[in-house]
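Worth knowing before you read on, the calculation uses all heavy atoms, side chains too, and leaves out hydrogens, waters and symmetry mates. Proteins get letters first, then strands, A, B, ... in listed order; numbering begins at 1 in each.
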Amino acid sequence: MDPIEPFRKEVENAIGLGLKAMGVDQRFEIELPPADIADFALPCFQFAKALRKSPVAIASDLASHIPKLDLVSEVWNDKGYLNFRFNEMTLVDLTLKEILTSKDAYGCWPSQGTSILLEHTSVNPTGPIHIGRARNPLIGDTLARCLRLSGYEVTTEYYVNDVGKQVVLLAWGIEHIPPSDVPQAERGKADHRLVGYYRKANELMESDPEVGEEIADMLRKFEAGDREVIEKVRRTAQTMLDGIVESLEAVGVELDDFIWESQFILDGSAKDVVERLKGTRYCVEEEGAFYLDLAEFGVHGRDTKFFFTRSDGTTLYTTRDMAYHIDKFRRADCLINILGEDQKLGMIHLASALKILGVEKVPENVFYSFVSLPEGRMSTRKGTVVTLDDLIEEAEERALGEVKKRRTDLTEEEMRVIARAIGRGSIRYNIIRVQAEKPIVFRWEEALNFEGNSAPFVQYAHARACSILRKAGAYEPKVVPSLLTDPYEKKLVRVLARFPGVVRECGEKRRIHVMPSYAHELASSFNQFYTYVPVLKAGDARDARLGLVESSMWVLRNCLRSMGLGTPEEM
RNA sequence: GGGCGUGUGGCCUAGCAUGGACAUGGCGGCAGCCUCCUAAGCUGCAAGUCAGGGGUUCAAAUCCCCUCACGCCCGCCA
């Protein structure tokens, strides 16, 4: 399973016994220091108060209380730390055997017996998905992959916004605006073709009050459950959605289910939420509309009013979102939503309202900041966007150019397949490598970087490993720790051993950016090994080194897959 | 005005939850490395008031307070 676990257990156990012997009964946590210092370390500062001794003296005392260990070759104190060095032969042996028997399951944890419903993307179907929002599906999809590897049963879901002014406006535009009034789209994809109507309809609504009245009329019919209007709007939304889904699939994002917002109007569950909220003591009426007063829930000022009906009795977006969340809680143990930072207040309102209704569980939210352009925020309505399709096309083209520079032996189609993996991978990698709450300013030269900390860097290391294995022909992968003594080999093994822990950290902490970090370190360690340690001409050590190369290949491959990146065997 | 978030070498970024050993790595810059498993690689060098100020602590990028800058939100929109 996790090759580090036996070491951790032994060390923690020994420390526990040592501390007990010294009369300390205190919780402690061991750290993973930089590899050149030690493998595990216990900071002893935390015991200084209880023992009234210097951390240095404690570390020294404690060292003398640690018995001889099986898996640890060295225990020493240094500047107030008690350090441990693994028995390297054992580490190499356990790690490589684990990888070579598990192969593509290395890093996979056993079932946790918990189901997770992960909602992500959920962008309004009013235009092609642009990179301002593209962080959502990429974070969501990567998190889903890491959670599945961590042993959770994950379902991903896209909540389709087919209710409200924006989609109705689009449907109206398609019906009433002649094609000649809309600028020719650059692409034939439905989402690109249709977005012109959305922009034009917005302009018309702003300049012509009659249009606004027509939209309002459609909206009323929609809310009243008018089948014809709902069908018309849904068809429009579906067409847009098809285009969006196609873009998502191009970057390796596939969703399990699509839930339509209008469902909660049609099945009456949104109205049901309204009735239940009206019966609570937080409910206040204001000129026919109803809201909850959430002053008790940590919100301030004007934010305390959470309206859940209009004065005409119709429901609002958040009301329907409540019905959706109640529905989701019936279907899974745990809910996670990937949301833009603009949704924060809304989610506080929603969580408070759910609590008021007696829902015990709360949805977990992962918020991300939007990707903006150097000149500012993107807007579908204004047309100031770089679409995901633009980026994919540019990245693939650029990647193809790079492949052609280095490979003259491949067919055009073979080169395209590789370029696709590199181009699409780069997009994913560049977005997920930065933590979600940090803002990103999109720059073409950064997005199309294929060197250093990038997807191709990791993919290249994998391709190099594959290349060695290909050239090795038939061989027997052997685990011979005594033949893997080079510092570069030992360093690489230590990195390989950490992979299962990293998978888990990404899943449990919902912090997927640590995977790209790890991936870069892994690829870098492999490249150093590759540069300095010959494999095919290694003589006696050849099979042992091939075992290490194959192990590296599996971990690189599993790591790439956990991020949804392609794994080309040559580049 | 209030709330939430972000601020780390020229640029990007890790570390912040659980304070601790010289602040991680990349891009760009400079200097090197392909008769040998793909140089999308490897090695070395230069470059930092961890936004600013105060506090807590033996110890602060990390915790607390204040200030500044930027982003997002504060609709009977979605």
Side-chain angles (χ1 to χ4, degrees), chain A residues 27 29 31 33-34 37-38 41 43-46 48-49 54-55 78-81 83 124 126 161 163-167 261 286-291 298-305 307-314 316-318 320-321 340-346 348 367 369-370 372 376-377 399 402-403 405-407 422 426 430 433-435 437-441 443 445-446 449-461 463-472 509 511 513-514 516-517 520-521 523-524 526-528 530-538 545 549 570-571:
Chain A
R27 277 198 55 189
E29 208 145 312
E31 314 181 333
I37 295 181
C44 295
F45 309 90
Q46 51 189 320
K49 213 164 235 168
S54 78
D78 184 26
K79 301 191 202 85
Y81 287 85
N83 289 334
N124 286 351
T126 50
N161 247 278
V163 181
K165 202 183 261 176
Q166 296 180 48
V167 244
E261 187 180 343
E286 188 178 288
E287 296 172 25
F290 290 86
Y291 68 87
V299 284
H300 310 267
R302 296 185 290 245
D303 295 350
T304 55
K305 283 189 185 181
F307 278 91
F308 61 93
T309 74
R310 296 191 182 89
S311 52
D312 65 3
T314 55
L316 290 152
Y317 171 80
T318 330
R320 292 169 316 249
D321 205 15
E341 60 180 340
D342 55 340
Q343 307 288 316
K344 282 185 184 177
L345 179 59
I348 291 173
F367 294 105
S369 296
F370 297 114
S372 61
R377 204 177 167 170
E402 295 295 320
V403 176
K405 263 198 245 169
R406 352 189 161 222
R407 301 298 295 265
I422 293 168
S426 298
N430 272 305
R433 60 180 253 266
V434 358
Q435 42 175 296
E437 57 272 22
K438 284 215 180 196
I440 295 181
V441 177
R443 291 189 180 86
E445 63 273 24
E446 283 171 22
N449 169 38
F450 293 162
E451 283 163 18
N453 192 3
S454 67
F457 180 90
V458 185
Q459 290 170 319
Y460 185 60
R464 279 177 147 181
C466 288
S467 172
I468 293 178
L469 297 174
R470 210 166 35 237
K471 290 189 172 159
K509 295 184 183 164
R511 290 159 65 81
H513 67 276
V514 315
S517 261
H520 183 260
E521 199 185 337
S524 189
F526 181 78
N527 280 331
Q528 289 171 346
Y530 181 94
T531 303
Y532 294 106
V533 186
V535 176
L536 297 177
K537 293 179 179 169
R545 286 182 183 165
V549 172
E570 54 183 321
M571 285 171 64

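For A:Tyr317, no side-chain nitrogen or oxygen approaches OP1 or OP2 of B:C76 to under 4.0 Å. Between A:Tyr460 and B:A40 there is a side-chain N or O to OP1 or OP2 distance below 4.0 Å. Phosphate contact (OP1/OP2 of B:C76, side-chain N/O of A:Lys305, threshold under 4.0 Å): absent. The side chain of A:Arg320 contributes no N or O atom lying less than 4.0 Å from OP1 or OP2 of B:C77. For A:Arg310 and B:C77, the shortest distance from a side-chain N or O to OP1 or OP2 is below 4.0 Å. Between A:Gln528 and B:U43, a side-chain N or O to OP1/OP2 separation shorter than 4.0 Å is present. In terms of phosphate contacts, A:Arg464 brings no side-chain nitrogen or oxygen within less than 4.0 Å of OP1 or OP2 of B:A40.
Closest to the side chain of A:Arg302, out of B:A40, B:C76, B:G1, is B:G1. Among the nucleotides B:A21, B:A14, B:A40, the one closest to the side chain of A:Val434 is B:A14. Listed candidates were B:A78, B:G15, B:C76. Nearest to the side chain of A:His513 is B:G15. Relative to the side chain of A:Arg511, the nucleotides B:A40, B:G15, B:U38 differ in distance, and B:G15 lies closest.
Using a 4.0 Å heavy-atom cutoff across all strands shown, A:Glu286 reaches at least one base atom of the nucleic acid. Backbone-only engagement by A:Leu316 is indicated by non-hydrogen atom pairs under 4.0 Å involving sugar-phosphate atoms exclusively. Residue-level contact check: A:Glu521 touches neither bases nor backbone, having no heavy atom under 4.0 Å from any strand. Base contact: A:Val533 has a heavy atom under 4.0 Å from a base atom. Across all strands, A:Tyr532 comes closer than 4.0 Å only to sugar-phosphate atoms, never to a base (heavy-atom distances). Across all strands, A:Leu345 comes closer than 4.0 Å only to sugar-phosphate atoms, never to a base (heavy-atom distances). Looking at heavy-atom distances under 4.0 Å, A:Pro33 makes contact with a base. When heavy atoms are screened at a 4.0 angstrom cut-off, A:Arg443 is found touching no nucleic acid atom at all. Among the heavy atoms of the strands lying under 4.0 Å from A:Phe45 is at least one base atom, whether or not backbone atoms are also near. Within the 4.0 angstrom heavy-atom criterion, base atoms lie near A:Ala463. Within 4.0 Å (heavy atoms only), A:Asp312 reaches no atom of the nucleic acid at all. A:Glu31 comes within 4.0 angstrom of no nucleic acid atom, judged by non-hydrogen atoms across all strands. Using a 4.0 Å heavy-atom cutoff across all strands shown, A:Gln343 reaches at least one base atom of the nucleic acid.
Under a 3.5 Å cut-off, the side chain of A:Thr304 and the backbone N or O of A:Val299 do not form any donor-acceptor pair. Listed for the A:Arg545 side chain is no donor-acceptor partner under 3.5 Å among the backbone atoms of A:Ala538. Between the A:Asn430 side chain and the A:Ser426 main chain, a donor and an acceptor come within less than 3.5 Å of each other. Proximity of a side-chain donor or acceptor of A:Thr309 to a complementary backbone N or O of A:Phe290 within less than 3.5 Å is detected.
Taking atom NZ on A:Lys471 and atom P on B:C36, their separation rounds to 11 Å, with Å as the unit.
Of the two residues near RNA chain B, A:Thr531 and A:Val163, the one whose nearest nucleotide lies more 5' is A:Thr531. If A:Arg377 and A:Ala48 are placed on RNA chain B by their nearest nucleotide, the residue sitting closer to the 5' end is A:Ala48.
Scanning atom types as modelled, no donor and acceptor separated by under 3.5 angstrom connect the side chain of A:Lys405 and the base of B:A40. The base of B:A78 lies outside donor-acceptor range of the side chain of A:Asp321, with no N or O pair under 3.5 Å.
Rounding to the nearest 0.5 Å gives a distance of 12.5 Å between CD of A:Glu446 and OG of A:Ser454. Taken to the nearest 0.5 Å, the CZ atom of A:Arg464 stands 5.5 Å off from the OG1 atom of A:Thr531. Summarising the geometry, atom CZ belonging to A:Phe367 is positioned 9.5 Å from atom CG belonging to A:Asp342; distances are rounded to the nearest 0.5 Å. One distance of note links OG of A:Ser467 with CG of A:Leu536; it measures 8.5 Å at 0.5 Å rounding.
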Protein N or O to nucleotides 26-30 of chain B N or O, pairs below 3.5 Å:
| unit_1 | atom_1 | unit_2 | atom_2 | d |
| --- | --- | --- | --- | --- |
| B:G26 | O2' | A:Asn453 | N | 3.1 |

Considering only nitrogen or oxygen atoms on both sides, find all protein atoms under 3.5 Å from nucleotides 2-6 of chain B and state each distance.
| unit_1 | atom_1 | unit_2 | atom_2 | d |
| --- | --- | --- | --- | --- |
| B:C4 | O2' | A:Lys344 | NZ | 3.0 |

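Between A:Leu316 and A:Phe307, some side-chain heavy-atom pair lies under the 4.5 Å cut-off. Side-chain contact check for A:Arg433 versus A:Asn453: some heavy-atom pair is nearer than 4.5 Å.
B:G32 is paired with B:C42 under the criterion used here, namely a Watson-Crick or G-U wobble arrangement in which both key atom distances are under 3.5 Å. For B:C50, there is no paired base (Watson-Crick or G-U wobble, both distances below 3.5 Å). In this structure, B:C76 forms no base pair with any nucleotide, since neither Watson-Crick nor G-U wobble geometry is met with both distances under 3.5 Å. Base pairing analysis places B:C68 opposite B:G7; the two distances defining the Watson-Crick or G-U wobble pair are each below 3.5 Å. In this entry B:A21 has no Watson-Crick or G-U wobble partner, no candidate having both defining distances under 3.5 Å.
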>> Walk me through whether A:Thr126 and A:Asn124 qualify under side chain to side chain donor-acceptor pair (under 3.5 Å).
In response: CA-CA 6 Å; A:Thr126 50; A:Asn124 286 351; 5.3 Å; no
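For A:Arg377, the salt bridge (Lys or Arg N to Asp or Glu O under 4.0 Å) test picks out no residue, with sequence neighbours left out.
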